[in-house]
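Have a look at the structure below, then the notes.
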Amino acid sequence: MSIQLNDTFIRDSVTKEALEQMVPALESAYEKLMHGTGRGADYLGWLNLPESYDRDEFDEIKKAAHYIQKNCDIFIVIGIGGSYLGARAAIEFIKSPNYNQLHKNTPNIYFSGNDLSSSSLQELLTLCEGKDVCVNVISKSGTTTEPAIAFRIFRNLLEKKYGEEGAKERIFVTTDKAKGKLKELADQKGYKTFVVPDDIGGRYSVLSAVGLLPIAAAGIDIDAIMAGANEARKQYATCDLWQNDCCRYAVLRNILYRQGKEIEILVSYDSAMQKLSEWWKQLFGESEGKEGKGLFPVSVTFSTDLHSLGQMIQQGKRNLFETVLVFNDRQKIEIPFDEQDPDGLNFLAGKTMDFVNEKAFHATAMAHADGDVPNIILKFEGRSAYNFGFIVYFFELACALSAYMLDVNPFDQPGVEAYKDNMYALLGKPGYEEKKQELEARMKNR
């Protein structure tokens, strides 16, 4: 397995000379990353995780997943941001966006605690009626508002249904190994716990227990995921612009950024990749978007979004480029012949949907390139667990390199604290009284 970068639709925008001029910046970024000399070096645990992960905890994850599969109709995964996106991306990428309807030998999996919608939460509670339920809450601190509220509600549901002792067997906690409110509660109640690693930030944590327990509960081979990630780690162990496609992707997007491109659109041609795109958006947006810098990451699914955003992409402001993920679909559905040919599609009879989708990709890439929208093509083999692990590592490494080339810390997110502080104050959290008065006064004046 490897990801093959095709630069056919970007050569008019990025010359070989421009690439060569970026080599010193790339090598400096790679040096900082591999030797831990850059900002945020305390959060480099993901770099060698595919090789050095805790085998004992890995076995415990498998045991817990087996228990969940045997004892639960519904598995509720509670977390927000990096605490749930990676797992959901894996399940939809490897299995299906319709996983809950198609896979009957494993529990239905629902994600909660990632918004503040009372309607969504009530729907989940309704789905749980008359069902056996297990819960995995994922939070480093246990005090983040959205997942903390959801966990309180589902913990109350389980304790009412099974009693405290029964609920204890159905609650799995992924949190800090030694401290925090959630860790304290887990120790007090006797919940099974897994570790959010100290040296891995949330958006880089999908290959840790954060992502792997829900993924394993869905019946996905987590050994294969780690094998794919480890293969990527080995393939990209040398900083070579011309041989290392991960490095080249990081450089290309930086060159386009310096040319005035402000938006990177991640394009896929399969709805099973929508949540992978959401994970990618958090990875790059939270890693690069600081100090007034960074590409704005957005995503589309073609050909669907060609009928809504295609005009804007083709002829709107020329401040964007596309990174396109393509693969050969494992499903082959043949288009039938119709003797009456009412839709005029008999010229496609005998061909597969995959063939049509591939031609849509080529047609779109050429049209957008002609419209001054550079396209970076990333091709991989298919939607397997192995490939998912490879893709995750590819983007994590590329993101860290890109951020260092921008001269920002890839591993912090100071900006997200501003809205949290405001929300705590407006909700009346103890210790925020002065802040609350200030914000309420501002609201009155608006």
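As the structure is a computational prediction, the values presented were derived from the model and not from experiment.
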**Study point:** Pair Gln235, Glu231: side-chain N/O donor-acceptor within cut-off below 3.5 Å
**Key:** yes

Practice item. State, with a plain yes or no, whether a side-chain heavy atom of Phe302 is found less than 4.5 Å away from one of Ile313. Key: yes

Practice item. Under the salt bridge (Lys or Arg N to Asp or Glu O under 4.0 Å) rule, collect the residues that match up with Asp270, sequence neighbours excluded. Key: Arg383

Can you give the donor-acceptor pairs under 3.5 Å from side chains of residues 78-98 to other protein atoms, not counting sequence neighbours?
from: Arg88; atom 1: NE; to: Glu92; atom 2: OE2; distance (Å): 3.2
from: Ser96; atom 1: OG; to: Asn98; atom 2: N; distance (Å): 2.8

Check your understanding: With sequence neighbours left out, which residue pairs that include part of residues 215-229 fulfil the salt bridge (Lys or Arg N to Asp or Glu O under 4.0 Å) condition?
Key -> Lys62-Asp223

Point to revise | Contacts of type salt bridge (Lys or Arg N to Asp or Glu O under 4.0 Å), residue Asp7, not counting sequence neighbours | key: Arg11, Arg248

Review point. Angle class for the Tyr99/His103 ring planes (parallel below 30°, perpendicular above 60°, tilted otherwise)?
Key: parallel

Point to revise | salt bridge (Lys or Arg N to Asp or Glu O under 4.0 Å) partners of residues 418-435, not counting sequence neighbours, each pair once | key: none

Check your understanding: Can you tell which of Phe388, Phe380, Phe361, Tyr269 makes a ring pair (Phe, Tyr, Trp, His ring centres under 6.0 Å) with Phe327?
Key -> Phe380

Review point. Where do Asp132 and Tyr162 land on the side-chain hydrogen bond (donor to acceptor under 3.5 Å, both in side chains) test, with the steps shown first?
Key: CA-CA 10 Å; Asp132 281 320; Tyr162 302 105; 2.8 Å; yes

Revision key, fill the gap. Lys63 meets the salt bridge (Lys or Arg N to Asp or Glu O under 4.0 Å) criterion, sequence neighbours left out, with Glu60

Check your understanding: Would Glu165 and Lys168 pass as an ion pair if we require N to O under 4.0 Å?
Key -> yes

**Study point:** Which residues share a salt bridge (Lys or Arg N to Asp or Glu O under 4.0 Å) with Glu288, sequence neighbours left out
**Key:** Arg253

Practice item. Please answer whether the main-chain N or O of Thr301 pairs with a side-chain N or O of Asp305 as donor and acceptor at a distance below 3.5 Å. Key: yes

Review point. Tell me, which pairs form a salt bridge (Lys or Arg N to Asp or Glu O under 4.0 Å) where one or both residues lie in residues 200-211, sequence neighbours left out?
Key: Arg203-Glu286

Exercise for review: Please test Cys247 against Cys239 for disulfide (SG to SG under 2.5 Å), starting from the C-alpha separation and ending with a verdict.
Suggested key: CA-CA 7 Å; Cys247 286; Cys239 181; 4.4 Å; no

Review point. Have Thr143 and Ser141 got a donor and an acceptor in their side chains that come within less than 3.5 Å?
Key: yes

Check your understanding: Can you name the residues that form a side chain to side chain donor-acceptor pair (under 3.5 Å) with Asn328, not counting sequence neighbours?
Key -> none

Exercise for review: Hey, could you give me each pair passing ring-ring contact (aromatic ring centres under 6.0 Å, His included) that has a residue in residues 197-228? Not counting sequence neighbours.
Suggested key: Trp46-Tyr204, Tyr204-Phe411

**Study point:** Worked verdict on Asn375 versus Glu322 for side-chain hydrogen bond (donor to acceptor under 3.5 Å, both in side chains)
**Key:** CA-CA 5 Å; Asn375 272 228; Glu322 293 172 310; 2.9 Å; yes

Check your understanding: Got a sec, which pairs hit salt bridge (Lys or Arg N to Asp or Glu O under 4.0 Å) with one end in residues 389-410, sequence neighbours left out?
Key -> Arg39-Asp407

Practice item. Taking atom types as modelled, find out whether Glu264 and Thr323 have a side-chain donor-acceptor pair closer than 3.5 angstrom. Key: yes

Exercise for review: Output all residues satisfying ring-ring contact (aromatic ring centres under 6.0 Å, His included) with Tyr110, sequence neighbours left out; order by chain, then residue number.
Suggested key: none

**Study point:** Crowding at CZ, Arg442 (>12 non-hydrogen neighbours, <6.0 Å)
**Key:** no

Check your understanding: When you check the gap from the basic side-chain N to the acidic O, do Lys189 and Glu159 get nearer than 4.0 Å?
Key -> yes

Exercise for review: Please step through side-chain contact (heavy atoms from CB on, under 4.5 Å) for the pair Phe394 and Leu378, ending with a clear verdict.
Suggested key: CA-CA 11 Å; Phe394 176 95; Leu378 300 176; 3.8 Å; yes

